[in-house]
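Lettering follows sequence order; numbering is per chain, from 1. It should be emphasised that the depicted structure is a prediction, and the values quoted were computed from it without experimental measurement.
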Amino acid sequence: MSDEKLTPRNVDFSEWYNQLVLKAELADYAPVRGCMVVRPYGWALWENIQATLDKRFKVTGHVNAAFPLFIPMSFLEKEKAHVEGFSPELAIVTIGGGEKLEEPLVVRPTSETVIGHMYAKWIKSYRDLPVLINQWGNVVRWELRTKLFLRTLEFYWQEGHTAHATEQEAREETRRMLGVYADFAINEGAVPVIQGIKSETEKFAGAVQSTSIEAMMGDTRALQSGTSHFLGQNFAKAFNIQYLDTNNTLQYVWTTSWGLSTRFIGAIIMTHGDDQGLILPPRLAPIQIVLIPIYKNDAERSAVMPVVERIKAELAEFRLKVDDRTEVTPGFKFNDWEMRGVPLRIEIGPKDVEKGTVAMARRDKPGREGKSFVPQAGLSRTVGMLLDEIQASLLARATTFRDSHIFDPKDYAELTEVVQNGWAYSYWCGDNECEAKVKEDTKATTRCIPLEQKEEKGKCIVCGKNAKRKVYFARAY
RNA sequence: CGGGGUGUGGCUCAGUUUGGCUAGAGCACGCGGUUCGGGACCGCGAGGUCGGCGGUUCAAAUCCGCCCGCCCCGACCA
């Protein structure tokens, strides 16, 4: 139960976040450093994320499977860039059943290698393609600095792994799934995201090209909220994933991988939350409506409760909880459910029973502004409309916030300033050195080259050389 | 791994500087009662190897040494 006020966001955003995650009972610190326990309320949110994403994966033709947690060390070593990228953060099992293992086993940091191995066994002919498999699971990356949901040693995610006959098909798949992520983030999470291409230094270890959806958090820092990679034939060649084409010629497949993790819960928290606590988008909220009966004695209670029960039944299509705890006051419950981000609160007291109304409070508008009295008649429709309105207003608010913190600096000096409290959208020549200079000077990195941009010519904001593309520079999580 | 901070009931902390009675408070928890439309109140109660190990001392939460955890900042990252 939440008992105290949060540190305000503008005092210490990071502290606000930590307190919120604990007080809203989304997660807790585990006994092992850097690991978290996802608590039932947080997991319920993740289940809703899973459900809506999984539906989209099925619509785009994917099927689920499960691959093992342990991967032979030698598998990772087969793809040079891959092992170089991941080796510093591997957890490695060297003892099993009390005996030293002949070959160490890596706890998967991602599954390209083991899945590549299996695809090599399964794929023989062009008739076997494409292979469109997704897996829901956990992975381990031995991170040095951790933060609940955003970066923990172990995290939960889905990883899609596909194999295709042609480069074009694989490139299309990469973009299709990035689009699925963007659609999910925007329409389910109300988190506005920008789809774009990662720079060479920011791309996935082993990818030819990485793409991502990038979101702006409430402190203006960027959060990579989902990624989709075109892996070319890198893993196909490392694992000998070959097929016979229609001309009976042996060809390497083209593969992709794409993932979205429990980090997205962090994105939701830091996009929508306020000083009262969490604000959940109605479409993903485990509890969409909390119903609070108000009474001060048995007579009032017996008048109120039947109405509460009736309204609960009328609103059965929504995810609704009746908070009938007797040990805490209504005022406490208001704050408690606001901390947990429930989008709508309905209060039913003696006056409402008398007048045929309910008191309705929407989470996205704090205080009196968000509170109104509405008739009990037609409540289901009212509630449905309100939830849609909250969903839309959260997205609109986050989009306005983001857009008002994206700047187009005139020169490098201005860039170094704007990235302290926002993103810079500037021409970039594509040179690693320019990227590194910005990082060194400001801690801001390139986030992505957005897919949707006109091909225009400009001068690199750093070196002044000719540039064809604009990129977002931002401090990132 | 470098820098900084911190560790005392479940939580937040006081006590440590200057060693000395039975280690305290608030919140949370349990019981009883009064409350209940924006974080209620009263009474009673339970709960502690003072992060760990070692040392100094008649005596250590307090002084000394080593170790460990956690948080923040940096290098690495979904």
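Within the 4.5 Å cutoff, the side chain of A/Leu280 has no heavy atoms near those of the A/His272 side chain. Looking at heavy atoms from C-beta onward, A/Thr110 lies in side-chain contact with A/Arg141 at the 4.5 angstrom threshold. Contact check for A/Ile197 versus A/Cys448: no side-chain heavy atoms found under the 4.5 Å cut-off. Between A/Lys23 and A/Leu6, the closest side-chain pair of non-hydrogen atoms falls below 4.5 Å.
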Secondary structure of RNA chain B in dot-bracket form (Watson-Crick or G-U wobble, distances below 3.5 Å, | marking inter-strand pairs): ((((((((.[[[[.)....(...]]]].((((((.....)))))).....[[[[[..)....]]]]])))))))....

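Here B/rG38 presents its P atom at 15 Å from CG of A/Asp323, a figure rounded to the nearest Å. Going from atom CD of A/Glu143 over to atom C1' of B/rA75 covers 12 Å, rounded to whole Å. Following rounding to the nearest Å, A/Asp28 (CG) and B/rC70 (C1') show an atom-to-atom distance of 13 Å. In this structure, the CD atom of A/Glu327 is 17 Å from the P atom of B/rG39, given to the nearest Å. The NZ-P distance, from A/Lys333 to B/rA40, rounds to 11 Å in whole Å. The separation between A/Leu150 atom CG and B/rA78 atom P is 13 Å, rounded to whole Å. Rounded to an integer number of Å, the gap from A/Glu25 CD to B/rC11 P is 15 Å. In this structure, A/Leu144 places its CG atom 14 Å from P of B/rG74, rounding to the nearest Å.
At a non-hydrogen distance threshold of 4.0 Å, A/Pro350, A/Lys351, A/Asp352, A/Ala359 from residues 350-362 of chain A come into contact with RNA chain B. Within residues 436-449 of chain A, the residues approaching RNA chain B are A/Lys439, A/Lys443, by heavy-atom distance under 4.0 Å.
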CA sep, side-chain torsions, deciding dist, call: A/Phe184, A/Phe264, ring pair (Phe, Tyr, Trp, His ring centres under 6.0 Å): CA-CA 11 Å; A/Phe184 157 78; A/Phe264 197 83; 4.9 Å; yes

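Residues A/Phe86 and A/Phe204 bring their aromatic ring centres within 6.0 Å. The ring of A/Tyr17 has its center no closer than 6.0 angstrom to the ring center of A/Phe149. Aromatic pair A/Trp157/A/Phe155: ring centres closer than 6.0 Å.
Counting all heavy atoms, side chain and backbone alike, A/Tyr472 lies closest to A/Pro450 at CE1-CG, 3.6 Å. Scanning all heavy atoms of the two residues, the minimum distance from A/Thr271 to A/Met217 falls at OG1-CE, 3.4 Å. Of all the heavy atoms in A/Pro350 and A/Val304, the pair that sits closest is N-CG2, 3.7 Å.
Using atom C1' as the reference point in both B/rG43 and B/rG38, the two lie 27 Å apart (nearest Å). Straight-line distance between the P atoms of B/rU34 and B/rU16: roughly 44 Å, to the nearest whole Å. For B/rU18 and B/rG26, the P atoms lie 30 Å apart once the distance is rounded to whole Å. One P atom belongs to B/rU12, the other to B/rC31, and the distance between them is 25 Å to the nearest Å. With C1' as the reference atom, B/rG55 and B/rG10 are 33 Å apart, rounded to whole Å. Spacing between B/rU56 and B/rU62 at atom C1', rounded to whole Å, works out to 13 Å. Using C1' as the reference atom, B/rG5 and B/rG51 are 16 Å apart when rounded to the nearest Å. Distance noted for atom C1' between B/rU17 and B/rU35: 46 Å (whole Å).
Atom NZ of A/Lys321 is surrounded by 12 or fewer heavy atoms from other residues, nucleotides or ligands within 6.0 Å. Heavy atoms of other residues, nucleotides or ligands lying less than 6.0 angstrom from CH2 of A/Trp43 number more than 12. The 12-atom threshold is exceeded at NZ of A/Lys147, counting heavy atoms of other residues, nucleotides or ligands nearer than 6.0 Å. Under a cut-off of 6.0 angstrom, the local environment of CZ in A/Arg301 is sparse, with at most 12 non-hydrogen atoms contributed by other residues, nucleotides or ligands.
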Could I get a table of every N or O pair under 3.5 Å where one atom is in the protein and the other is in nucleotides 31-36 of chain B?
| from | atom 1 | to | atom 2 | distance (Å) |
| --- | --- | --- | --- | --- |
| B/rC36 | O2' | A/Tyr295 | O | 3.3 |

List every contact pair, protein side and nucleotides 45-48 of chain B side both N or O, where the distance is under 3.5 Å.
none

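Within 4.0 Å of A/Arg345, counting heavy atoms only, lies at least one base atom of the nucleic acid. Residue contacts for A/Gly349: at a heavy-atom cut-off of 4.0 Å it reaches a base atom on one of the strands shown. Nucleic acid contact for A/Glu300: none, since no nucleic acid atom lies under 4.0 Å from a heavy atom of the residue.
Under the ring-ring contact (aromatic ring centres under 6.0 Å, His included) rule, A/Phe235 has a single partner from A/His229, A/His117, A/His82, which is A/His82.
The side-chain ring of A/Phe155 is stacked on the base of B/rA78, judged by centre separation under 5.5 angstrom and plane angle under 30 degrees.
Every residue was checked against the ring-ring contact (aromatic ring centres under 6.0 Å, His included) condition with A/His161, not counting sequence neighbours, and none meets it.
The cationic atom of A/Arg345 (NZ for Lys, CZ for Arg) does not lie both less than 6.0 Å from the six-membered ring centre of A/Trp337 and within 45° of the ring axis.
The phosphate of B/rC70 (OP1 or OP2) has no side-chain N or O of A/Asn18 nearer than 4.0 angstrom.
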